[in-house]
Amino acid sequence: MRLNISFFTLLSCLLFISACKHSDPSSPYVKVYKYDGSIQCESTGVELNVMALELIVAGIDVVCSQQGHDGLARITVCGADTGNINIYTIHRVNQTSAEELGFSPVNTLSEYQDQPCE
């Protein structure tokens, strides 16, 4: 019984740490993303600067933008999605507005590997 409790305690702690790894609540910025819509063998998806206009037109300042991947494995087959995402660093106070436009915080992606935005 004691082993089971320790295992579940450890598992809970790891899940909590994993969920927080991409988000620093003290930071005035947050990274949000949206899939670029690219399809294997067919299309390259929405360009980074074009998608950024969705945020800018809504009055959300884009501090930095970068392309990335959601980190999930996919079968390689024409017609399947690529998992490519466009990522934008915005002011944390604008997160709700960005989510209303269909963007999500990168910390919701369990396999995403964060990269510094240059």
Side-chain angles (χ1 to χ4, degrees):
M1 177 80 170
R2 183 174 182 175
L3 179 62
N4 289 340
I5 293 172
S6 297
F7 173 76
F8 288 113
T9 302
L10 177 62
L11 182 61
S12 297
C13 290
L14 289 174
L15 289 174
F16 176 76
I17 291 168
S18 175
C20 297
K21 70 180 177 179
H22 303 300
S23 180
D24 177 4
S26 66
S27 172
Y29 304 106
V30 64
K31 286 185 178 182
V32 295
Y33 78 95
K34 190 187 277 191
Y35 285 94
D36 70 2
S38 56
I39 303 295
Q40 295 179 40
C41 308
E42 294 179 19
S43 71
T44 57
V46 179
E47 293 182 26
L48 195 60
N49 59 342
V50 172
M51 191 178 287
L53 289 175
E54 292 180 47
L55 295 165
I56 294 167
V57 167
I60 300 171
D61 291 332
V62 174
V63 177
C64 188
S65 57
Q66 65 195 100
Q67 293 180 313
H69 190 273
D70 64 10
L72 299 174
R74 286 178 170 67
I75 188 169
T76 304
V77 61
C78 290
D81 69 281
T82 63
N84 293 337
I85 56 176
N86 290 335
I87 306 161
Y88 303 94
T89 302
I90 62 172
H91 295 277
R92 187 173 295 281
V93 296
N94 294 322
Q95 181 176 342
T96 301
S97 297
E99 288 176 3
E100 290 171 357
L101 295 172
F103 292 84
S104 301
V106 294
N107 65 358
T108 62
L109 295 171
S110 62
E111 300 301 318
Y112 170 73
Q113 298 295 313
D114 199 12
Q115 300 293 322
C117 195
E118 298 174 9

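Side-chain atoms are counted along with the backbone in the values below, which use heavy atoms only and exclude waters and symmetry mates.
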| task | Output all residues satisfying side chain to side chain donor-acceptor pair (under 3.5 Å) with E99, sequence neighbours left out; order by chain, then residue number. | result | Q95
| Which atom of I60 lies closest to which atom of A98, heavy atoms considered | CD1-N, 3.6 Å
| field | Other ILVMFWY residues reachable from V77 by side-chain steps of under 4.5 Å | value | I75
| What is the minimum heavy-atom distance between G37 and S43, and which atoms define it? | O-OG, 3.8 Å
| remark: Sequence neighbours excluded, the answer for side chain to side chain contact (heavy atoms under 4.5 Å, CB included) partners of V63 is Y29, T89, H91
| task | Give the minimum heavy-atom separation between I87 and V106, together with the two atoms involved. | result | CG2-CG1, 3.9 Å
| request: If a pair satisfies disulfide bond (SG atoms under 2.5 Å apart) and one of its residues is in residues 89-118, list it, with sequence neighbours excluded. | output: C64-C117
| message | Please enumerate all residues that pass side chain to side chain contact (heavy atoms under 4.5 Å, CB included) together with T44, with sequence neighbours excluded. | response | none
| request: Apply side chain to side chain donor-acceptor pair (under 3.5 Å) to S65 and list each qualifying residue two or more places apart in sequence or on a separate chain. | output: none
| request: Determine which pairs satisfy salt bridge (Lys or Arg N to Asp or Glu O under 4.0 Å) with at least one residue from residues 48-69, sequence neighbours left out, and list them in order. | output: K34-E54
| request: Name all residues meeting the side chain to side chain contact (heavy atoms under 4.5 Å, CB included) criterion together with S104; count only those two or more places apart in sequence or in a different chain, and write none if there are none. | output: Y33, T108
| What residues, two or more places apart in sequence or in another chain, satisfy side chain to side chain donor-acceptor pair (under 3.5 Å) together with Q40? | none
| field | Selection residues 66-81 - residue pairs positive for side-chain hydrogen bond (donor to acceptor under 3.5 Å, both in side chains), sequence neighbours left out | value | K31-Q66, Y35-D70, D70-R74, R74-D81
| Qualifying ring-ring contact (aromatic ring centres under 6.0 Å, His included) pairs, either residue in residues 37-62, two or more places apart | none
